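A, B, ... follow the sequence lines: proteins, then strands. Residue 1 opens every chain. For clarity, every value in this text was computed on a predicted model and none was experimentally measured.
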There are 2 protein chains.
Amino acid sequence: MNTRDPLPGALDDHVSLKERLRRGELFSGDCPSRGVLKHITSRWGVLILVALLAGTHRFSDLRRKIGGISEKMLAQTLQDLEGDGLVIRKSYDVVPPHVDYTLSPLGLEAAQRVEALTDWIESSLPRIMEIREEIQRT
Amino acid sequence: MNTRDPLPGALDDHVSLKERLRRGELFSGDCPSRGVLKHITSRWGVLILVALLAGTHRFSDLRRKIGGISEKMLAQTLQDLEGDGLVIRKSYDVVPPHVDYTLSPLGLEAAQRVEALTDWIESSLPRIMEIREEIQRT
DNA sequence: CGGTATCCCATTGGATACTG
DNA sequence: CAGTATCCAATGGGATACCG
């Protein structure tokens with residue numbers, strides 16, 4: 001992750017995924033949506049977005065909630081998502097420091113789609129496990 | 001990727017993402033859905049699923065359609081998705097070899113959710129780019 | 001508390017060559 | 001055509017230490 005490079009390509013020369021698909025070019029590597037997709041679907045991006053659906057969180061709250069994430073990756077992924085305008089970071093100038101993170105309206109839309117996917121996976125897990133065992137036996 | 005290890009955890013001791021979230025445990029690393037999520041949201045998994053929404057494809061068709069993927073990663077990711085029961089592989093015993101890949105009913109459901117996400121990214125890109133520039137100036 | 005900086009290992013993934 | 005095998009480069013990501 002940490003695709004800190006600015007999204008490549010200007011607004012005008014953007015070619016839609018669907019158009020690229022039609023052209024048989026699907027996402028050939030220079031599409032500007034690739035960066036955003038990468039941030040959102042990254043290992044921790046998914047979890048952060050879903051976690052923030054429950055509301056505003058502080059750094060440590062997120063870290064606790066998302067078991068297994070390191071400070072480094074949490075900070076990095078939050079920066080990526082903030083850079084894409086999906087997460088809003090608010091820092092209060094007090095001591096000890098207080099910072100919190102909230103989904104932007106844009107981020108909310110993204111998170112809801114991600115949740116649709118994770119919910120589906122969750123509810124389909126039993127079926128997936130069955131099929132896995134079936135395949136195993138074959 | 002290539003999480004070829006069988007999904008950890010039996011069917012019964014599965015704890016839902018939502019339940020883990022409530023517990024503040026969100027996806028602590030031993031959740032069996034992690035494997036599936038990883039396969040689906042992986043760099044190439046996303047693209048393969050979306051590509052297959054257009055119908056059955058042969059190996060080389062996919063490779064051409066998804067610009068930039070290596071043979072190795074295409075084979076590996078297809079195996080992962082097949083192992084999860086999302087993609088059906090059919091091999092015809094002719095020479096030269098002919099193999100094709102199709103979404104299973106389960107895979108179709110997954111792919112549609114993934115597409116919802118990629119469609120959203122695509123249509124929101126202009127807004128994201130604007131916000132990016134705004135943030136840049138700050 | 002909420003980070004950043006550094007180091008370092010494990011995994012990802014591309015290029016190439018080879019095979020049924 | 002549809003892969004597998006091998007090798008190597010790039011990236012991901014954890015541990016630790018330090019800072020405002």
Visitor: Can you check the B:Asp93 CG to C:dG20 P distance for me, whole Å?
Guide: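 Taking CG of B:Asp93 and P of C:dG20, I get 15 Å after rounding.
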
Visitor: Are A:Gln79 and C:dT4 close enough that a side-chain N or O sits under 4.0 Å from OP1 or OP2?
Guide: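 Yes, such a contact exists.
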
Visitor: Looking at B:Arg43, does any N or O in its side chain come under 4.0 Å of the phosphate oxygens OP1/OP2 on D:dA10?
Guide: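 False: B:Arg43 side-chain N/O out of range (4.0 Å or more) of D:dA10 OP1/OP2.
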
Visitor: So, taking the atom named CG in B:Leu53 and the one named CG in B:Leu49, what distance separates them when rounded to the nearest 0.5 Å?
Guide: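 B:Leu53 atom CG to B:Leu49 atom CG measures 7.5 Å (nearest 0.5 Å).
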
Visitor: Could you check A:Pro97 against A:Ile69 and say which one's nearest nucleotide on DNA chain D is further toward the 5' end?
Guide: A:Ile69

Visitor: Verify the contact: side-chain N or O of B:Ser60 to OP1 or OP2 of D:dA2, cut-off strictly under 4.0 Å; return yes or no.
Guide: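 Result: yes.
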
Visitor: Counting N and O atoms only, with roles assigned by atom type, does the side chain of B:Thr77 sit under 3.5 Å from a partner on the main chain of B:Gly45, one being a donor and the other an acceptor?
Guide: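 A pair under 3.5 Å: no.
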
Visitor: With heavy atoms under 4.0 Å as the rule, sort A:Arg63 into base, sugar-phosphate or nothing.
Guide: nothing

Visitor: Whole angstrom is fine here: how far is it from NZ in A:Lys90 over to C1' in C:dC1?
Guide: 19 Å

Visitor: Using the side chain to side chain contact (heavy atoms under 4.5 Å, CB included) rule, take B:Ile128 and A:Leu106 through it: C-alpha gap first, then chi angles, then the decisive distance, then the call.
Guide: CA-CA 8 Å; B:Ile128 294 179; A:Leu106 212 54; 3.7 Å; yes

Visitor: Atom NZ of A:Lys72 to atom P of D:dC19: distance rounded to whole Å?
Guide: 19 Å

Visitor: Counting heavy atoms from C-beta on, name the nucleotide in C:dC1, C:dG13, D:dG3 closest to the side chain of B:Met73.
Guide: C:dG13

Visitor: State the OG1-CG distance between A:Thr118 and A:Leu47, to the nearest 0.5 angstrom.
Guide: 8.5 Å

Visitor: As a test of reading the structure: which of C:dG2, D:dG3, D:dG14 is closest to the side chain of B:Arg89, going by heavy atoms?
Guide: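 Nucleotide nearest to B:Arg89's side chain: D:dG3.
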
Visitor: Expressed as a whole number of angstroms, how long is the span from A:Leu62:CG to C:dG3:P?
Guide: 10 Å

Visitor: Mind checking if A:Tyr101 touches a base, just sugar-phosphate, or nothing, with heavy atoms under 4.0 Å?
Guide: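 Result for A:Tyr101 = sugar-phosphate.
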
Visitor: Need one value for A:Pro96: base, sugar-phosphate or nothing, where a base atom within 4.0 Å counts as base even if backbone is also close, heavy atoms only.
Guide: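 The residue A:Pro96 makes sugar-phosphate contact but no base contact.
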
